[in-house]
Novice: 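Input: one structure, supplied below.
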Amino acid sequence: MRFLKQAALLFLAAALLLCTLSGCGGALKLQAVADPAEDYFRDRPYALEAGQTAPAKAEHRRAQQWLEQYLLGGAEKGAVPFDFLIDGESFAQSLSSWQCDVQQTGSDDVKTDYTLVYTRPDQPVAATVYASLYRQWPVVEWTVWLENTGGANSGVITEFNGLNLTVDEADAGTEYNLTTFAGSRMNLSAFKPNYQVMEPGKAVSISGAAGKPSAYWAPYYNLQWQEKGAEWNKAGMLFSVGWSGQWSAKLERTDAGVQMEAGQERFASYLEPGEQARGPLMSILFYEQDFMRSQNMFRRFMYETVMPKQNGQPLPNMTAGSTAVETDLTKTATTENQVAAIERWARAGLKPTHWLMDAGWYEMPGGGWEDTGNWDPDPARFGDSMMEISEAAEAAGMGYILWYEPERVNANTDFSERKEYLLTENMFDLSNDEALQFLCEYIVEQIERNGVSVYRQDCNFSSLMENWKKGESENRIGMVENKYVVNYLRFFDYLLEHCPGLLIDSCASGGRRIEMETNRRSVVLWRDDACYEPTLTQCQSYGINFYAPYSGHGTIDTAPETIKYAFRSNMCQSTWLSWVVKDGDDAQNALYRERLDEFYEYGRYLMEDYYPLTRFSDATDVWMAWQYNDPEDTSGIIQVFKRPDSTQQSDTYLLSGLHKNKTYVVTDIDTGAAVEKTGRQLMTEGLTVDISEAFDAKLFHYAVK
């Protein structure tokens with residue numbers, strides 16, 4: 001009996017020790033990070049294991065309860081998550097005087113839709129709220145539309161905020177942690193994540209710039225706090241402001257929590273009889289447990305549910321060949337040299353998914369690609385159609401990408417003569433419904449005549465806002481922008497409806513229109529006009545992958561000694577190939593094929609869960625690394641970059657998303673050398689990477705043995 005008691009005590013002691021070492025419930029406990037402010041993305045008490053990355057019931061419950069409290073039951077409970085003023089009177093503060101009709105208006109496997117209509121007998125302005133609760137994701141979204149149902153002009157509407165909310169969920173005395181993201185800035189800091197502890201009484205303001213929603217700041221931000229009872233005692237909300245113009249958001253830590261508002265930055269306008277104005281598409285993802293887990297849920301929500309699909313499936317990787325280097329974009333392109341290039345790439349064994357023709361294929365009155373406004377092909381170089389090039393691309397197994405920029409109009413062009421459709425002398429007036437209808441029909445005819453499979457729309461105004469302002473009048477501030485944004489989205493909807501299978505690439509001097517509404521209709525294949533340089537593009541990939549599961553850039557370096565480093569540094573979900581391909585250049589073409597073969601084998605992981613393994617840095621003497629993990633089979637890749645001035649010889653990285661009790665084979669793609677480690681080892685002890693030479697990029701693949 002004494003022996004049995006001693007054995008039981010020893011067993012209990014061993015169990016307690018195991019719990020201490022590995023965390024409660026068998027979780028793998030991790031050492032505290034050195035600096036939570038710098039390591040916020042990996043500041044977690046336990047390893048994030050396979051099976052923990054999918055949305056949990058508690059998170060769906062949070063979304064459901066929030067929807068019921070603030071939207072479906074907002075009128076009854078006296079609190080709604082939006083606001084506007086009519087002649088200085090707040091809708092939210094006078095909510096009890098409004099009647100609300102709530103209807104469920106749709107339900108399918110993706111989401112449940114609701115329509116809420118607020119009216120008041122003495123007020124001609126009605127507010128309609130379109131709200132949705134997603135089934136697979138703990139996401140609530142809503143859009144507020146205002147309409148003047150009366151026979152005279154309404155009062156002046158101001159402070160039209162699609163989001164007006166106080167978050168008061170944190171335990172008393174705990175911090176609120178805010179992560180914002182830079183937008184397209186054409187430099188090393190583009191898309192950089194920015195973490196901060198919210199200070200009482202100090203406001204944080206972020207916005208787009210010059211009318212472009214993801215110029216300077218991206219319209220996404222993540223608020224996290226400590227909360228007892230939540231998984232890992234952490235909870236949070238990831239916000240998205242879906243506005244294709246000039247938005248702004250303000251967050252302030254108060255005694256009550258975090259007060260926040262977001263909406264169109266400039267709006268002070270009456271509505272004419274029958275006229276409407278809309279707010280942004282606001283979205284919130286509710287989560288517990290871990291910051292990067294929330295970002296990856298958002299990535300999957302965007303990729304699997306929000307973004308356009310092809311043949312009913314999420315977008316695959318894309319590559320695009322071109323003669324951009326040889327033909328100065330397409331300024332000296334012709335039908336003959338484009339068809340010849342397509343055939344030359346095929347003979348070299350190079351198989352991009354698409355052939356790209358960027359700016360310059362039209363008549364240019366001033367001789368530069370910037371001279372936009374003629375959208376028929378230059379007849380001297382292409383005849384009356386690009387169809388021969390499109391057919392050559394199709395014969396080589398490629399789609400055809402063609403660049404347009406219809407919003408910006410230059411003098412002495414076809415569009416400049418259409419005065420009735422211009423807002424200013426160089427802006428096409430999308431706020432004009434007749435101009436919108438003309439453009440819809442015109443571009444559809446262009447797409448069909450030229451055999452376009454990817455319609456690439458750019459927007460290179462230095463300031464959309466300054467043009468919108470020129471169309472404003474007294475007490476109509478922001479109304480031109482509002483109508484312009486509404487019709488910009490309707491334009492994309494029209495193209496998609498009338499051109500089956502079309503993919504739209506949204507560009508605006510790079511990725512400056514990255515926001516939820518545009519993301520529903522298009523993809524960003526060129527994320528920033530600062531490009532190619534490896535340290536710069538590593539920095540941009542590091543940041544944008546927190547929230548964007550699909551974006552693109554290009555690679556131009558062809559030198560044998562640096563092509564691998566450059567290609568891996570520029571490897572995006574969509575990668576454009578600015579290579580010069582020559583017949584008979586077998587050694588160079590073999591280098592190209594090697595890079596493409598690698599991309600086609602491992603590129604699929606770039607749309608999977610993303611985990612930064614190092615801090616952000618734009619220094620040239622450090623390493624940068626990240627992991628992409630497929631949560632379905634827990635295979636993935638690890639990319640490690642040793643920058644040109646680094647003398648560091650090795651580093652160790654803790655992985656995420658693995659099965660702790662399974663064995664993984666980790667293979668160096670370059671050497672074929674492989675190591676076997678359990679998921680527990682990879683998540684708690686890490687993978688050590690040795691790189692002796694600077695300016696090297698390693699790629700590792702791992703999978704369950």
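Keep in mind it's a predicted model, so treat the numbers as computed, not measured.
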Novice: Taking R293 for the side chain and A54 for the main chain, is one N or O donor matched with an acceptor at less than 3.5 Å?
Specialist: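 Yes; at least one donor-acceptor contact below 3.5 Å.
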Novice: With no hydrogens and no angle check, just 3.5 Å: does a side-chain donor-acceptor pair link T614 and Y653?
Specialist: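 Short answer, no.
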Novice: At their closest point, which heavy atom of H701 faces which heavy atom of S635, and how far apart are they?
Specialist: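 Here H701 and S635 meet closest at NE2-CB, 4.4 Å.
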Novice: Between Q69 and Q65, does any side-chain donor sit less than 3.5 Å from a side-chain acceptor?
Specialist: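 The answer is no; no qualifying pair exists.
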Novice: Kindly indicate whether the side chain of L687, heavy atoms from C-beta on, has any atom under 4.5 Å from the side chain of V675.
Specialist: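 Yes. Closest side-chain heavy atoms under 4.5 Å.
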Novice: Do R527 and S541 meet the criterion of a side-chain donor-acceptor pair at a distance under 3.5 Å?
Specialist: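 On atom types as modelled, these side chains qualify, holding a pair under 3.5 Å.
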Novice: For the residue pair E288 and R62, establish whether any side-chain heavy-atom pair is separated by less than 4.5 Å.
Specialist: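 They are in side-chain contact.
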Novice: Regarding T535 and Q538, do their side chains bring together a donor and an acceptor under 3.5 Å, going by distance alone?
Specialist: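 On atom types as modelled, these side chains do not qualify, holding no pair under 3.5 Å.
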Novice: Quick check: closest heavy atoms across N545 and Y610, and the distance to 0.1 Å?
Specialist: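 Looks like O-CD2, 3.4 Å.
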Novice: Does a side chain donor of either S569 or T537 reach within less than 3.5 Å of an acceptor in the other side chain?
Specialist: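 No, no side-chain donor-acceptor pair sits under 3.5 Å.
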Novice: For D290, which of Q52, E231, R42, R44 qualifies under side chain to side chain contact (heavy atoms under 4.5 Å, CB included)?
Specialist: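 That would be R44; it is the only one of Q52, E231, R42, R44 passing the side chain to side chain contact (heavy atoms under 4.5 Å, CB included) with D290.
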Novice: With a 3.5 Å cut-off and no angle check, do the side chains of S132 and D113 form a donor-acceptor pair?
Specialist: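 D113 and S132 do have a side-chain donor-acceptor pair below 3.5 Å.
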Novice: Quick one: ring pair (Phe, Tyr, Trp, His ring centres under 6.0 Å) partners of Y114, sequence neighbours excluded?
Specialist: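 So Y114 forms no ring pair (Phe, Tyr, Trp, His ring centres under 6.0 Å) with any residue.
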Novice: Is there side-chain contact between T112 and R135, with at least one heavy-atom pair below 4.5 Å?
Specialist: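 Yes, their side chains come closer than 4.5 Å.
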Novice: Under 3.5 Å, is there a donor on one side chain and an acceptor on the other for S244 and T518?
Specialist: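 Yes - a donor-acceptor pair under 3.5 Å links their side chains.
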Novice: Are any non-hydrogen side-chain atoms of F160 and V144 less than 4.5 angstrom apart?
Specialist: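 The answer is yes; the side chains approach within 4.5 Å.
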Novice: Donor-acceptor pairs are to be reported for all side-chain atoms of residues 301-311 against protein atoms at under 3.5 Å, with residues two or more places apart or in another chain.
Specialist:
residue, atom, partner, partner atom, Å
Y303, OH, L315, O, 2.4
T305, OG1, W137, NE1, 2.9
K309, NZ, E304, O, 2.6

Novice: Can you see which heavy atom on R568 is nearest to which on A697, and at what distance?
Specialist: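 Looks like NH1-O, 2.6 Å.
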Novice: Indicate yes or no for a side-chain donor-acceptor contact from N187 to the backbone of A190 under 3.5 Å, with no hydrogens or angles considered.
Specialist: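 Checked: pair present.
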Novice: Any luck finding a side-chain donor-acceptor pair between E515 and Y220 under 3.5 Å?
Specialist: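 No.
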Novice: Any side-chain donor paired with an acceptor under 3.5 Å for Q627 and S656?
Specialist: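 No, no side-chain donor-acceptor pair sits under 3.5 Å.
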Novice: Taking all heavy atoms of R643 and all of A619, pick out the closest pair and write down the distance.
Specialist: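 Looks like NH1-O, 2.8 Å.
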Novice: How far apart are the C-alpha atoms of F641 and W626, what are their side-chain angles, what is the distance that settles it, and do they pass the ring pair (Phe, Tyr, Trp, His ring centres under 6.0 Å) test?
Specialist: CA-CA 9 Å; F641 303 96; W626 50 68; 5.3 Å; yes
Novice: Could you tell me if Y287 and N222 have a donor-acceptor pair between their side chains, going purely by distance under 3.5 Å?
Specialist: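 The answer is yes; a qualifying pair exists.
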Novice: Do K234 and E227 have side chains that approach each other closer than 4.5 Å (heavy atoms only, starting at C-beta)?
Specialist: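 Of all side-chain heavy-atom pairs linking E227 with K234, none is under 4.5 Å.
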Novice: Quick test of your reading: applying side chain to side chain donor-acceptor pair (under 3.5 Å), list the pairs with at least one residue in residues 192-201, sequence neighbours left out, ordered by first then second residue.
Specialist: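 Found N177-Y195.
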Novice: What ring-ring contact (aromatic ring centres under 6.0 Å, His included) pairs are there with at least one residue in residues 50-79, not counting sequence neighbours?
Specialist: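 For residues 50-79: W66-Y70, W66-W142, W66-F286.
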Novice: Would you say the side chain of L116 lies within less than 4.5 Å of the side chain of V102, judging by non-hydrogen atoms?
Specialist: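 V102 vs L116: side chains touch.
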Novice: Spell out, as yes or no, whether a donor-acceptor pair under 3.5 Å connects the side chain of Y221 to the backbone of T179.
Specialist: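 It does not hold such a pair.
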Novice: Going by heavy atoms in the side chains, are W247 and P280 under 4.5 Å from each other?
Specialist: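 Sidechains of P280 and W247: no contact.
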Novice: Do any N or O atoms from the side chain of S294 and from the backbone of F291 form a donor-acceptor pair under 3.5 angstrom?
Specialist: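 At least one qualifying donor-acceptor pair exists.
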Novice: Of all residues at least two apart in sequence or in a different chain, which pass the ring pair (Phe, Tyr, Trp, His ring centres under 6.0 Å) check with F181?
Specialist: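 Residues passing ring pair (Phe, Tyr, Trp, His ring centres under 6.0 Å) with F181: F546, Y547.
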Novice: Suppose we screen for side chain to side chain contact (heavy atoms under 4.5 Å, CB included). Which residues come up paired with E265, at least two apart in sequence or across chains?
Specialist: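 Here the qualifying residues are S207, Q246, S248.
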Novice: Would you check if Q639 and M571 make a side-chain contact, meaning some heavy-atom pair closer than 4.5 Å?
Specialist: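 Yes; the side chains approach each other to less than 4.5 Å.
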Novice: Measure from NZ or CZ of R278 to the centre of the six-membered ring of W243 and say whether it is under 6.0 Å with the direction within 45° of the ring axis.
Specialist: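 Judged by the rule, R278 and W243 form no cation-pi pair.
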